Amino acid sequence: MNYVGEEQHVVEGSRVWTFGFRPNMLFVFGDSYADTGNNRKALASSWKLPYGITFPGKPAGRFSDGRVLTDFIAGYLGIKTPVPYRYRKELGGRLKYGLNFAYGGTGVFDTPAPEPNMTTQIDFLQQLLNDSVYSKRALKTSVALVSLAGNDYSNYIATNGSTAGFPAFIGRVVNQLKVNLKRIHNLGVRKIAASALQPLGCLPQSTAQFSFEQCNESENALVGLHNQLLAQAVNDLNKETNSSSFFVLDMYNAFWNVFNQKQAHQVSPTFVNPFEPCCVGVSAAFSCGSVDENGVKQYTLCSNPKSKFFWDTVHPTEQGWRAVYSTPALQSSLKQFW
């Protein structure tokens, strides 16, 4: 056994446990890449068929056919997937594993989704501390996942934000994210993983115009700026707090690792056309899960979701998330939890 100061390191599988810190709670903030059921049933596609058909077998509030990023990260940490904040009272026995405050469709700023933005999500954790549901001491063994997958930018485009103003807006988004990350840390959370932005120009909503054959490079250039500013913000936070509490989950390169795979690897599935989604609306007026006034479905579904990287025009399938999770880019990022 090697002793490093007073901390003892043991290799277990692919992970190195540090006896000085083994997380036992996961708190999750953000959007639909991390939400496991907070959105209201009346509003969200995640509660409609065919969402959830792979896991748990019916719609359950995840924006996929099955498991999402949160589930894979909880599994990596050896923690049960934290329950959605919405069900904190019904599932109170599970609070010891943390809580998921992420709501699909939200951002750091307000978006058209009538759900709590990230500031309000952090307020929820603050309130639980005030109410002694959690103690600051208990949070010393917790970690956080913060997902920001681009809803602020979709909203900027939808509200006719100018191309010239986009870089400045990206700066505002990252600055607000930095404030949020610092707040989570100040509440007592030990390690905080902030997801880098995935290549937005490769989402089916962007590749549809190219018959799902190629990405929108101008969108990906803006993503590059966001990720550069995020890396700088995380670096600054670690300096300010004299710690290594903050780190980036390299979603950008993880997605590209999958897109660039030409043959199947043992750990990571391969996808014939990674940009083409499994579930799509029959026309631009409809989306995955849509039905008309007679209840007739207005979407098409692929025969095997496991063969597709994307589930709908924005979100990966469970198999897609499994592939992202298995990439060298994400696995090396995740090691920073220890």
Side-chain angles (χ1 to χ4, degrees), residues 1-30 33-37 54-56 60-62 64 66-85 87-88 91-102 125 128 133-147 184-185 187-195 243-251 254 266-269 316 318-338:
M1 296 269 184
N2 295 324
Y3 287 85
V4 182
E6 293 181 355
E7 295 188 337
Q8 189 176 351
H9 294 255
V10 180
V11 176
E12 184 186 286
S14 62
R15 290 174 285 196
V16 177
W17 296 110
T18 303
F19 281 170
F21 179 56
R22 182 171 182 167
N24 56 25
M25 280 198 285
L26 172 63
F27 293 106
V28 183
F29 305 89
Y33 272 24
D35 185 3
T36 53
T54 301
F55 172 84
R62 284 171 173 81
S64 182
R67 294 170 182 83
V68 295
L69 181 63
T70 300
D71 300 295
F72 286 99
I73 288 180
Y76 174 83
L77 295 168
I79 298 172
K80 285 194 177 175
T81 294
V83 297
Y85 174 72
Y87 298 109
R88 67 195 178 281
L91 299 167
R94 294 273 298 274
L95 296 185
K96 62 187 175 195
Y97 304 117
L99 266 178
N100 188 340
F101 300 97
L125 178 56
L128 292 172
V133 173
Y134 292 112
S135 68
K136 200 149 186 174
R137 184 188 169 113
L139 262 57
K140 282 186 167 54
T141 59
S142 73
V143 294
L145 165 65
V146 180
S147 169
I184 296 166
H185 182 256
L187 291 177
V189 176
R190 176 87 172 253
K191 286 267 187 176
I192 300 156
S195 66
S243 73
S244 56
S245 298
F246 305 88
F247 66 96
V248 174
L249 279 183
D250 190 0
M251 303 293 284
Q266 224 178 342
V267 288
S268 209
E318 175 178 312
Q319 193 76 338
W321 277 123
R322 181 172 285 108
V324 166
Y325 168 74
S326 305
T327 58
L330 211 70
Q331 285 295 313
S332 82
S333 298
L334 287 168
K335 287 180 181 147
Q336 295 170 88
F337 268 124
W338 315 114

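Computed from a predicted structure; not experimentally measured.
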Would you name the heavy atoms of Ser195 and Ser147 that are closest together and state the gap between them?
OG-CA, 3.4 Å

Mind checking what makes side chain to side chain contact (heavy atoms under 4.5 Å, CB included) contact with Ser333, not counting sequence neighbours?
Leu249, Asp250, Gln336

Taking side chain as C-beta onward, heavy atoms only, is Leu145 less than 4.5 Å from Thr70?
yes

If we only count heavy atoms from C-beta on, is the Val28 to Thr36 side-chain gap below 4.5 Å?
no

Counterpart residues, side chain to side chain contact (heavy atoms under 4.5 Å, CB included), relative to Ser244 (two or more places apart):
Lys191

Short question: side chain of Gln331, backbone of Tyr325 - any donor-acceptor pair under 3.5 Å?
yes

Under 30°, 30 to 60°, or over 60°: which ring-plane class applies to Tyr134 and Phe27, parallel, tilted or perpendicular?
perpendicular

Does some side-chain heavy atom of Val83 sit less than 4.5 Å from a side-chain heavy atom of Asn100?
no

Geometric class of the Tyr85/Phe101 ring pair [parallel <30°, tilted 30-60°, perpendicular >60°]
tilted

Is the shortest heavy-atom distance from the side chain of Arg190 to the side chain of Leu139 under 4.5 Å?
no

Minimum side-chain heavy-atom gap Thr54-Gln319 below 4.5 Å:
no

Report yes if some heavy atom in the side chain of Phe55 is under 4.5 Å from a heavy atom in the side chain of Arg62; otherwise report no.
yes

Determine whether Ser326 and Phe72 make a side-chain contact, defined as any pair of heavy atoms from C-beta on separated by less than 4.5 Å.
no

